[in-house]
Structure formats: structure tokens, C-alpha cells
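Below: the structure, in C-alpha cells.
Start at 1 with the first residue, then count along the sequence.
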Amino acid sequence: MIVRDASLPKQVTIYEVGPRDGLQNESVIVPLEVKAEFIDRLVAAGLPIVEATSFVHPKWVPQLADAAELVARLPLDGPVPLPVLVPNERGLDRALEAGCTHVAVFGSATETFAQKNLNSTLDDQFAMFEPVVARAREAGLDVRAYVSMCFGDPWEGDVPIGQVVTAGKRLLDLGASQLSLGDTIGVGTAAQVGALIDAFGESGVGVESLAMHFHDTYGQALANAYAALRHGITTFDASAGGLGGCPYAESATGNLATEDLVWMLNGLGIEHGVDLDSLVATSVWMGQQLGKEPASAVVRALG
């Protein structure tokens, strides 16, 4: 039974990250043809945005070494945006050469993760991102910014809310159109989610500029998504089948499963445009390619 709660958003956007954030942590190298079909299937299932890959050096993320070849197969001029992650200016160069129209940069809210993931300091990362965002905007590209370790860091522990807000605002000030707040190791809880969103609001950053990116390490991703909904968030990152993790943070497990999010949204009467049956079939198929069962509870129930 659907019970519509008028206090919740009427519609949300699901930002599918499975092909990039999902596959980057797999132990096996997924064939190019499988990646391309995965993206095609996700688009066919109605996902309004599908993050395709990352132009990162293959030494650091070998699973995505075929980024240029993959992008060459994709309909970059189609109705569904297919963003790519660009860690630096060289990554942006490759994205521009490939004809990409949507890019994302990936920052950190903590010093240690900035050093381990970006080979930078917490402060210096913004100087690294500044020309990337500026050049991308000048070229007419949309730029999204991620900020990781928003709730906890495996080396530093709890992350102060003010520190996250400062890092996030600096990324937005560079020119990013949207800021995705990442619970990279999945330690956040619903109360913390609400407090962080409120803190951004008090600093002048409205919910229309924010997205949430949850990992399900402690089984809290769906509860955290509901808490974010109650605070007005309308964009959620999710990964088909619950694929994902972070190669630079071993305690990070899979992302919020897109199917689990869709099931909850369906029950709340919130529009999202995704065909659940098609999505479940896609995750079952992808699980077969990877030789493992999807982490999504909904996929296990329906697939």
C-alpha cells in the first residue's frame, strides 16, 4: 500500500554510480563490452543519470583503465547524462578529447584521506581542483563535486560537521553545480544526516545544491536516505545491486542499492522514473558477469 506523505518531496533524482563507483572496487577486470551493456541497460531501465567511468590513471584504478574506449561507445549526446570522474587536469583533458559533457571532481573532508586518495593536503586539493572546474565550465560542461568522509574517516575517526561544511562550500565556490556528500565508510546515522544537512542550510547552502551518497557498511544507508528525504534532499546517489566500495578505504563496503532505494520511494509514492523490474533484471545479469550475488535485498527478493 502506498501512503503519500505530503511533507516529503514529490519527486527525486537517482544518480546511478554503479558503472563507476560500483565497478572500481571489483577484484576482477570487467570486459569493455559488459560495461557498455551495463550502462545501456541502466539507461533503458529509466535511470535519469548514469555515471559511466573515471579518467583516473590506470595505475590507481586498473578496473577503469578502458575509460576512453568505453566513452567512445556511449551516446554522449543522448537525453541521459553520462558523467565521468576527472581527478585532475589531465583527466579533464581526456574527458574533453572524448567529447564528455558532464564531469565530476572528488574531494575530501579530511586531511588523511586527501593525502591517501589525492596525494594532496586538505587545503591544497582546492588549488588542484580550481583549474579543472574553471576550464570545464568555460568549455560548457556541467561540473559536480563529491566530498568524501563526511561522517567518519578510518584514520581520523569522527569528522566534525563544520569541517565538512567548509570543504563542501569551497568546492561549490569553485563553480560546481551540485555537491554530493559521501558517507564513504558507511558509519553515518539518521540523526547525523539531518544535522549535516541543517548545518549546510545554516551556512547558506540549500538542499537544491546537495545530493547524498551513502554506503551500507552498517546497514544504515536506506535509513539515512529516508532521513535525508525528510530534510528535503531530492538527489540520491545509488548503485545497481549495491555494487561498490572505495579502493582507498578498506572499511567501505557497497553503496546504497538502487533497487532498495526505488522500493522505498515506490512505497512512499515519490516519483523517480525507474522501472524496478528492468533494474532488478539488470543487477541479476551483472551479478552473473561478476560471479556473485547482488548485495541488494530487493534484488535477492525479486530476482
Discussion item. Counting only heavy atoms not in R137 (residues, nucleotides, ligands), do more than 12 fall under 6.0 Å from its CZ?
Written reply: no
Item to complete: Verify the neighbour count for atom CG of D124: are there more than 12 heavy atoms of other residues, nucleotides or ligands below 6.0 Å?
Response: yes
Discussion item. For M286 and V30: C-alpha separation, side-chain torsions, deciding distance, then whether side-chain contact (heavy atoms from CB on, under 4.5 Å) applies.
Written reply: CA-CA 10 Å; M286 194 65 210; V30 178; 4.0 Å; yes
Discussion item. For a salt bridge (Lys or Arg N to Asp or Glu O under 4.0 Å) check, start with the C-alpha distance between E202 and K169, then their side-chain angles and the critical distance, and finish with the verdict.
Written reply: CA-CA 12 Å; E202 291 165 4; K169 288 193 68 177; over 6 Å; no
Minimum heavy-atom separation for [X] and [Y], please, with both atom names.
X	Y	result
P81	P48	CD-O, 3.2 Å
V164	C150	CG2-O, 3.3 Å
C100	L76	N-CD1, 3.9 Å
D260	S296	OD1-OG, 2.7 Å
V147	A167	CG2-CB, 4.2 Å
H102	L141	N-CG, 4.5 Å

Is any side-chain heavy atom of [X] less than 4.5 Å from a side-chain heavy atom of [Y]?
X	Y	answer
F38	L243	yes
Y218	T189	no
R20	V61	no
T110	K116	no
L268	Y226	yes
V86	V105	yes
V274	L265	no
V262	V298	no

Worksheet entry | Inter- and intrachain pairs under ring-ring contact (aromatic ring centres under 6.0 Å, His included), touching residues 114-148, at least two apart |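 Of all non-adjacent pairs touching residues 114-148, those that pass ring-ring contact (aromatic ring centres under 6.0 Å, His included) are F106-Y146, Y146-H213.
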Worksheet item: Would you call R4 and E271 a salt bridge, using N to O less than 4.0 angstrom?
Response: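 Not counted as a salt bridge, because no side-chain N and carboxylate O are separated by less than 4.0 Å.
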Item to complete: Would you please test L256 and L222 for side-chain contact (heavy atoms from CB on, under 4.5 Å) and show each step?
Response: CA-CA 7 Å; L256 168 62; L222 201 58; 3.9 Å; yes
Can you tell me if [X] uses its side chain to pair, donor with acceptor, with the backbone of [Y] under 3.5 Å?
X	Y	value
E16	A240	yes
H215	T217	no
S148	G107	yes
Q125	S108	yes
T234	V12	no
S177	V143	yes
S283	G241	yes
D216	Q220	yes
T53	A67	no
N224	A190	yes

Using the rule that two of Ile, Leu, Val, Met, Phe, Trp, Tyr join whenever any of their side-chain heavy atoms come within less than 4.5 Å, decide whether [X] and [Y] are in one cluster.
X	Y	result
L122	F113	no
L70	I29	no
W155	F151	yes
V165	L174	yes

Discussion item. Looking only at side-chain N and O atoms, does T112 offer a donor or acceptor that is under 3.5 Å from a partner on E156?
Written reply: yes
Practice prompt. State, without any angle test, whether S7 and D5 hold a side-chain donor-acceptor pair at a distance under 3.5 Å.
Written response: yes
Discussion item. Does R144 form a salt bridge (Lys or Arg N to Asp or Glu O under 4.0 Å) with D237? I'd like the steps, not just the answer.
Written reply: CA-CA 12 Å; R144 185 189 218 218; D237 299 359; 2.7 Å; yes
Fill in: Audit row: V17, Q24, side-chain contact (heavy atoms from CB on, under 4.5 Å) steps and yes/no
CA-CA 10 Å; V17 298; Q24 72 175 7; over 6 Å; no
[atom1] of [X] to [atom2] of [Y]: how many Å apart, nearest 0.5 Å?
X	Y	atom1	atom2	value
H231	L8	NE2	CG	11.5 Å
W285	E37	CH2	CD	4.0 Å
I39	L74	CD1	CG	4.5 Å
M149	E111	CE	CD	13.0 Å
H272	L47	NE2	CG	10.0 Å
L179	S209	CG	OG	8.5 Å

Discussion item. Quick one, I161 with Q192, criterion side-chain contact (heavy atoms from CB on, under 4.5 Å). Give me CA distance, side-chain angles, the key distance, then yes/no.
Written reply: CA-CA 9 Å; I161 286 180; Q192 292 173 315; over 6 Å; no
Item to complete: Name all pairs fulfilling the salt bridge (charged side-chain N to carboxylate O under 4.0 Å, His left out) condition that reach into residues 64-86, sequence neighbours left out, sorted by first residue then second.
Response: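 Listed by first then second residue: E33-R73, K35-D66.
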Worksheet, complete the sentence: Residues passing the salt bridge (charged side-chain N to carboxylate O under 4.0 Å, His left out) test with E259, sequence neighbours excluded, are none
